[in-house]
Undergrad: 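Sharing a structure with you now.
Below, chain A is the first sequence line, B the second, and so on; all start at residue 1.
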Amino acid sequence: MVINCQSLIQNLKINNRIFPKQKQMSTENSGYLSITDILVTTEKVPCKFLHDLPKMGFLDPSAADVDLKAGCSVEIPLWLAESLYSRRPPLVSVELPKIYKESYREILNADACAVDLHKLGQHFYELGCYVAKHDIKSEVAATLNNTYRQRFRMLLAASMSSDSINTMQPLSASERIQAADASNTERSFLTWLQRGDTPLTTANMVANHRKRKRAEMEML
Amino acid sequence: MEPYEIEFIGENRIISITPNFTHDKIYLICGEFGPFRAGLPVNVPLWLAIMLKQKQKCHVIPPDWMDVEVLENIKEEEKRSRFFTKMPNEHYMVEAKLILGSAAEDVPNAPEIKTIIKDIWDIRMSKLRTSMDALMKTGGGYGRLDHLTMMEINSVKPLLPAAMDNLLRMQMKTKKTAPSLNLNSSTFSQSGSSQNT
């Protein structure tokens, strides 16, 4: 099958952003202009090419050939993978990135709190939602759900703790946002409690200083 | 919501004061209050009481529940019970903070009361956190929390509802691949699977 792939890919690149219709990915935080969503769709996923693609060798950095052979595995960005996959017949088959594979799923199911999602996958949940449909056994969805539920404890801890650097470290990007929201509420409650008749509050820098913490907790 | 907004809502609670001045009825948006007779107790909204107190024009009569013994009982019960007990007042934190903040000399044992109320708050908050964690762990889809006050609900608002939202969103997104999908992509996935086999 001969397809003019170079122009196809260029078209896809443009179409993907101009015609939202093409993006079959929906609901709230994957808004069309959402930066997070754009970042998530540029994450690379391993794909296996199902056809010979002439002149597309540049997609595979290790290939010496000008043409891309069928059956070779290349990591390509998610937006490209989705588009190539949704053609009829599909040009690629999308494989799961390694954190969604069986071995990592076992770790996550055993104890999700022990995993540093910030290192393994900044956008673990968002990317997971996209690749879940390429999982034949469809266990990824359950893992995502389970992981989120287990890691909720870490959110609680991060929102309460004043040692924000250490508790925030292993959280994924979206978890960090939530934890920051929660600790903001906590902090505004504390300032409300502290405000007496004189609305003077300690500077943020001073409040975060270790020695002051005890005093802060003891105020009603 | 900011704690200040809840404070604003809570300030509409009626409490008793003994004014030390005489004045006719006053007409406010929230109702008419008075007439004020020096030495005779009268009911006014909390914000008015605090304002008069700051001008040294009245004594605040602490609410019935603001008493060491009553609060100790509440605290004990709160410790004993697995569930949340009913608080004497929907805005107990706001009321305690305002009255103890500006009219502490009118309340007997103000420092003790302060400590006990903060204890009760801490017990309730830790209870709330453990039950939220339990709810998420067991995979429950809903929880029932009776007798929570507005301030307490507010303090967990960015956590629990947001977490539930996220879970739902992930379920919706991942479920989409199932047959309920719109026409286009279901044919995609069919052709995809036929390719694989």
Side-chain angles (χ1 to χ4, degrees), chain A residues 21 24-30 50 85-90 93-94 125-126 128-136 138 140-142 144-146 148-153 155-157 159-160 174-175 177-186 188-193 195-197 218-220, chain B residues 1-4 6-7 54 93-94 96-97 100-102 111 113-115 117-118 121-122 125 129-130 132-133 135-140 151 154-160 162-163 165-178 181-182 184-185 187-189 191-196:
Chain A
K21 188 175 82 179
Q24 301 277 346
M25 316 159 177
S26 59
T27 68
E28 230 194 292
N29 74 356
S30 58
L50 303 171
Y85 174 73
S86 54
R87 291 182 60 81
R88 271 164 292 177
S93 76
V94 182
Y125 302 108
E126 293 83 351
C129 288
Y130 284 133
V131 298
K133 61 167 164 268
H134 301 295
D135 177 30
I136 307 148
S138 67
V140 169
L144 286 180
N145 199 317
N146 198 2
Y148 192 86
R149 282 177 185 279
Q150 278 192 51
R151 288 174 67 90
F152 183 68
R153 187 154 58 89
L155 285 185
L156 277 179
S159 69
M160 281 303 284
S174 62
E175 283 174 331
I177 293 171
Q178 282 170 55
D181 270 359
S183 69
N184 263 342
T185 317
E186 187 66 25
S188 72
F189 173 72
L190 283 179
T191 42
W192 174 77
L193 274 185
R195 194 193 70 156
D197 292 333
E218 276 166 9
M219 295 284 289
L220 175 90
Chain B
M1 218 163 29
E2 285 281 307
Y4 296 104
I6 295 165
E7 183 185 83
Q54 280 168 346
M93 270 315 256
V94 174
K97 186 199 169 237
L100 294 173
S102 56
I113 289 178
K114 226 179 193 179
T115 324
I117 291 180
K118 181 72 168 136
W121 168 269
D122 286 342
M125 286 311 284
R129 278 168 204 285
T130 28
M132 281 199 302
D133 189 30
L135 173 73
M136 290 307 265
K137 271 237 179 72
T138 52
M151 193 62 96
N154 184 60
S155 62
V156 294
K157 222 160 115 192
L159 273 174
L160 190 60
D165 267 2
N166 275 341
L167 279 175
L168 178 70
R169 203 177 307 142
M170 285 194 299
Q171 262 164 26
M172 299 290 278
K173 272 195 193 173
T174 45
K175 206 190 283 170
K176 264 199 141 179
T177 53
L181 199 49
N182 61 34
N184 264 348
S185 22
T187 47
F188 288 161
S189 52
S191 60
S193 55
S194 65
Q195 197 72 38
N196 283 337

Undergrad: Can you name the closest pair of heavy atoms from Phe152(A) and Leu160(B) and give their distance?
TA: CZ-CD1, 4.2 Å
Undergrad: Kindly compute the distance separating CG (Leu159(B)) from CD (Gln178(A)), expressed to the nearest 0.5 Å.
TA: 7.5 Å
Undergrad: Can you say whether Leu135(B) sits under 4.5 Å from chain A via the side chain, the backbone, both, or neither, judging by heavy atoms?
TA: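 Backbone only.
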Undergrad: What's the spacing between Phe189(A) CZ and Tyr4(B) OH if we round to 0.5 Å?
TA: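 Phe189(A) atom CZ to Tyr4(B) atom OH measures 11.5 Å (nearest 0.5 Å).
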Undergrad: Restricting to salt bridge (charged side-chain N to carboxylate O under 4.0 Å, His left out), what partner residues turn up for Lys157(B), sequence neighbours left out?
TA: none
Undergrad: Going by distance alone, is a donor N or O of one side chain under 3.5 Å from an acceptor N or O of the other, for Tyr148(A) and Asn166(B)?
TA: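 The answer is yes; a qualifying pair exists.
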Undergrad: Once rounded to the nearest 0.5 Å, what's the spacing between atom CZ of Arg149(A) and atom NZ of Lys137(B)?
TA: 12.0 Å
Undergrad: What pairs with Glu186(A) under salt bridge (charged side-chain N to carboxylate O under 4.0 Å, His left out), at least two apart in sequence or on another chain?
TA: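 Scan of Glu186(A) (salt bridge (charged side-chain N to carboxylate O under 4.0 Å, His left out), adjacent residues dropped) gives Arg129(B).
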Undergrad: Contact part of Met151(B) toward chain A, heavy-atom cut-off under 4.5 Å: side chain, backbone, both or neither?
TA: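 Side chain only.
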Undergrad: Nearest 0.5 Å please: distance from the CZ atom of Arg169(B) over to the SG atom of Cys129(A).
TA: 9.0 Å
Undergrad: Could you check whether any side-chain heavy atom of Trp192(A) comes within less than 4.5 Å of a side-chain heavy atom of Val94(B), counting everything from C-beta outward?
TA: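 Trp192(A) vs Val94(B): side chains touch.
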Undergrad: Closest heavy-atom contact between Met170(B) and Leu144(A)?
TA: CE-O, 4.0 Å
Undergrad: Check whether any side-chain heavy atom of Ser188(A) sits under 4.5 Å from a side-chain heavy atom of Glu2(B), and report yes or no.
TA: yes
Undergrad: Give me the atom names and distance for the closest heavy-atom approach of Leu193(A) to Met93(B).
TA: CD2-CE, 4.0 Å
Undergrad: Taking all non-hydrogen atoms of both residues, which atom of Met132(B) and which atom of Leu156(A) are closest, and how far apart?
TA: CE-CD2, 3.5 Å
Undergrad: Where on Thr185(A) is there a heavy atom nearer than 4.5 Å to chain B: the side chain, the backbone, both, or neither?
TA: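 For Thr185(A), the contact with chain B is made by the side chain alone.
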Undergrad: Checking Lys173(B) against Tyr130(A): charged group under 6.0 Å from the ring centre and within 45 degrees of the axis?
TA: yes
